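Data first, discussion second: the structure below is written as structure tokens.
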Amino acid sequence: MIKDMKICEREAALKVAEMMVAAAKTAPKGSGKDKVIGYVLEGKEKDQLAEEMRKLSKELGEEFIERDSHNVDDSHCVVILACISEPFGFSNCGMCGFKNCSEMQKAGTNCVFNVTDLGIAVGSAVSIAADHRIDNRVMFSAGQGAIRMGFMPKDVRVCYGIPLYTGSKSILFDRDPGSVIDLD
């Protein structure tokens, strides 16, 4: 069997994506409660994500989301990491800015432990990509597009997408829309 470089690059990115989700799962969690979830999108689901991002860009009037959607189009896959919004149940924590979890829930905000755990998980995941020399970028926009796709639990409000790309020039750092490289 002979595999050409493009096939190897794509397969490597997909393998690294799986390792990234595993690294997010094993990242330290506050109080040992795991509310972090992860997915890998490729193929038609990745295409749907890019389309949701374009719709979101138009609705919000934010050009950067449109730019990011082109990066998703041109990436091999996208790692999605999110946290389920579930308070820890402390009676007097206050780290979220509210007196207790009950007040925080009434206000509809997020538990600081859940969001912090997600941040640590994202850091663990992107370190795996960096260790394997796979270009990546953490995107709020891709996370919001993923939430809109409707495949995650309804109590997910904080989510990030991390597109993965291999090539001689990273599409994820030179963000000029005119410099996007077509993988096909």
Side-chain angles (χ1 to χ4, degrees), residues 9-42 45-46 49-50 52-53 56 62 64-65 67-90 93-98 101 104 109-149 151-153 155-167 169-175:
E9 291 171 15
R10 177 176 161 61
E11 289 178 0
L14 291 169
K15 287 175 188 172
V16 167
E18 291 176 354
M19 289 188 285
M20 290 170 69
V21 172
K25 179 54 69 177
T26 62
K29 310 293 188 298
S31 299
K33 296 181 180 181
D34 187 4
K35 302 301 175 194
V36 173
I37 58 175
Y39 306 88
V40 177
L41 303 183
E42 61 175 312
E45 288 77 16
K46 181 181 72 77
L49 172 61
E52 283 298 330
M53 292 169 68
L56 186 62
E62 296 290 350
F64 80 92
I65 300 174
R67 177 204 60 207
D68 290 355
S69 74
H70 295 294
N71 289 146
V72 167
D73 281 330
D74 294 332
S75 296
H76 299 292
C77 60
V78 180
V79 172
I80 302 295
L81 296 175
C83 63
I84 296 170
S85 181
E86 185 177 309
F88 274 54
F90 298 134
C93 169
M95 285 179 53
C96 63
F98 293 91
C101 293
M104 186 239 356
T109 190
N110 296 296
C111 175
V112 69
F113 282 100
N114 299 157
V115 175
T116 300
D117 289 348
L118 176 59
I120 295 167
V122 167
S124 290
V126 298
S127 72
I128 294 296
D131 289 347
H132 289 87
R133 309 306 177 258
I134 303 292
D135 293 334
N136 67 91
R137 181 177 276 276
V138 178
M139 294 182 175
F140 152 84
S141 56
Q144 290 302 296
I147 289 172
R148 291 170 55 112
M149 287 175 68
F151 64 87
M152 288 185 277
D155 52 357
V156 168
R157 294 192 300 260
V158 182
C159 180
Y160 294 98
I162 309 166
L164 302 183
Y165 175 80
T166 57
K169 183 176 190 288
S170 177
I171 62 170
L172 300 167
F173 291 93
D174 181 356
R175 311 276 278 162

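If you're wondering where the values come from, they're calculated on a predicted model, not measured in any experiment.
- Without hydrogens or angle criteria, K46 side chain to H76 main chain gives no donor-acceptor distance under 3.5 Å.
- Annotation: side chain of I147 is in contact with side chain of V156 (closest heavy-atom distance under 4.5 Å).
- Listed by chain and number, the residues in a side chain to side chain contact (heavy atoms under 4.5 Å, CB included) with R157 are S85, N110 (sequence neighbours excluded).
- The aromatic rings of Y39 and F151 lie perpendicular to each other, with more than 60° between the two planes, well past the 30° mark.
- Remark: I128 CD1 to L164 CG distance equals 12.0 Å, nearest 0.5 Å.
- Minimum heavy-atom separation, G89 to C101: N-SG, 3.2 Å.
- Within the model, atoms CG of N71 and OH of Y165 stand 10.0 Å from one another, a figure rounded to the nearest 0.5 Å.
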For V158 and L118: C-alpha separation, side-chain torsions, deciding distance, then whether side-chain contact (heavy atoms from CB on, under 4.5 Å) applies.
CA-CA 8 Å; V158 182; L118 176 59; 3.6 Å; yes
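- In this structure, the side chains of L14 and E11 stay at 4.5 Å or more apart for every pair of heavy atoms.
- Between I162 and R137 there is no side-chain heavy-atom pair separated by less than 4.5 Å.
- Put simply, the residue from V36, N114, D155 that forms a side-chain contact (heavy atoms from CB on, under 4.5 Å) with I84 is D155.
- Note that SG of C93 and CZ of F88 are 9.5 Å apart. Values are rounded to the nearest 0.5 Å.
- Under the 4.5 Å side-chain criterion, counting only non-hydrogen atoms from C-beta, V16 is in contact with M20.
- Going from atom CD of Q144 over to atom CE of M149 covers 13.5 Å, rounded to the nearest 0.5 Å.
- Under the 4.5 Å side-chain criterion, counting only non-hydrogen atoms from C-beta, I80 is in contact with C159.
- Closest of all the heavy-atom pairs between M53 and S141 is CE-OG, 3.6 Å.
- Look at K25 and D34 and you find a salt bridge, because one of the NZ, NE, NH1 or NH2 atoms lies within 4.0 Å of a carboxylate O, short of that distance.
- Of all the heavy atoms in A24 and A121, the pair that sits closest is O-CB, 3.7 Å.
- Here S75 contributes atom OG and M139 contributes atom CE; the two are 6.5 Å apart, rounded to the nearest 0.5 Å.
- Of all heavy-atom pairs spanning E52 and G145, the tightest one is CB-O, 3.8 Å.
- Residues satisfying the side-chain hydrogen bond (donor to acceptor under 3.5 Å, both in side chains) test with S124, not counting sequence neighbours, are none.
- The CD1 atom of I37 lies 8.5 Å from the SG atom of C83; values are rounded to the nearest 0.5 Å.
- K35 contributes no side-chain N or O that, together with a main-chain N or O of K33, makes up a donor-acceptor pair within less than 3.5 Å.
- Of the possible donor and acceptor atoms, one in the side chain of N136 sits under 3.5 Å from a partner among the backbone N and O of I134.
- Nearest heavy-atom pair across P87 and M104 is CB-CE, 3.3 Å.
- Taking both residues in full, the closest heavy atoms of A142 and V72 are given as CB-CG2, 4.4 Å, listed atom of the first, atom of the second, then distance.
- Residues V21 and V79 meet the side-chain proximity criterion, which asks for heavy atoms closer than 4.5 Å.
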Verify salt bridge (charged side-chain N to carboxylate O under 4.0 Å, His left out) between R10 and E42, making sure each step is shown before the conclusion.
CA-CA 10 Å; R10 177 176 161 61; E42 61 175 312; 2.9 Å; yes
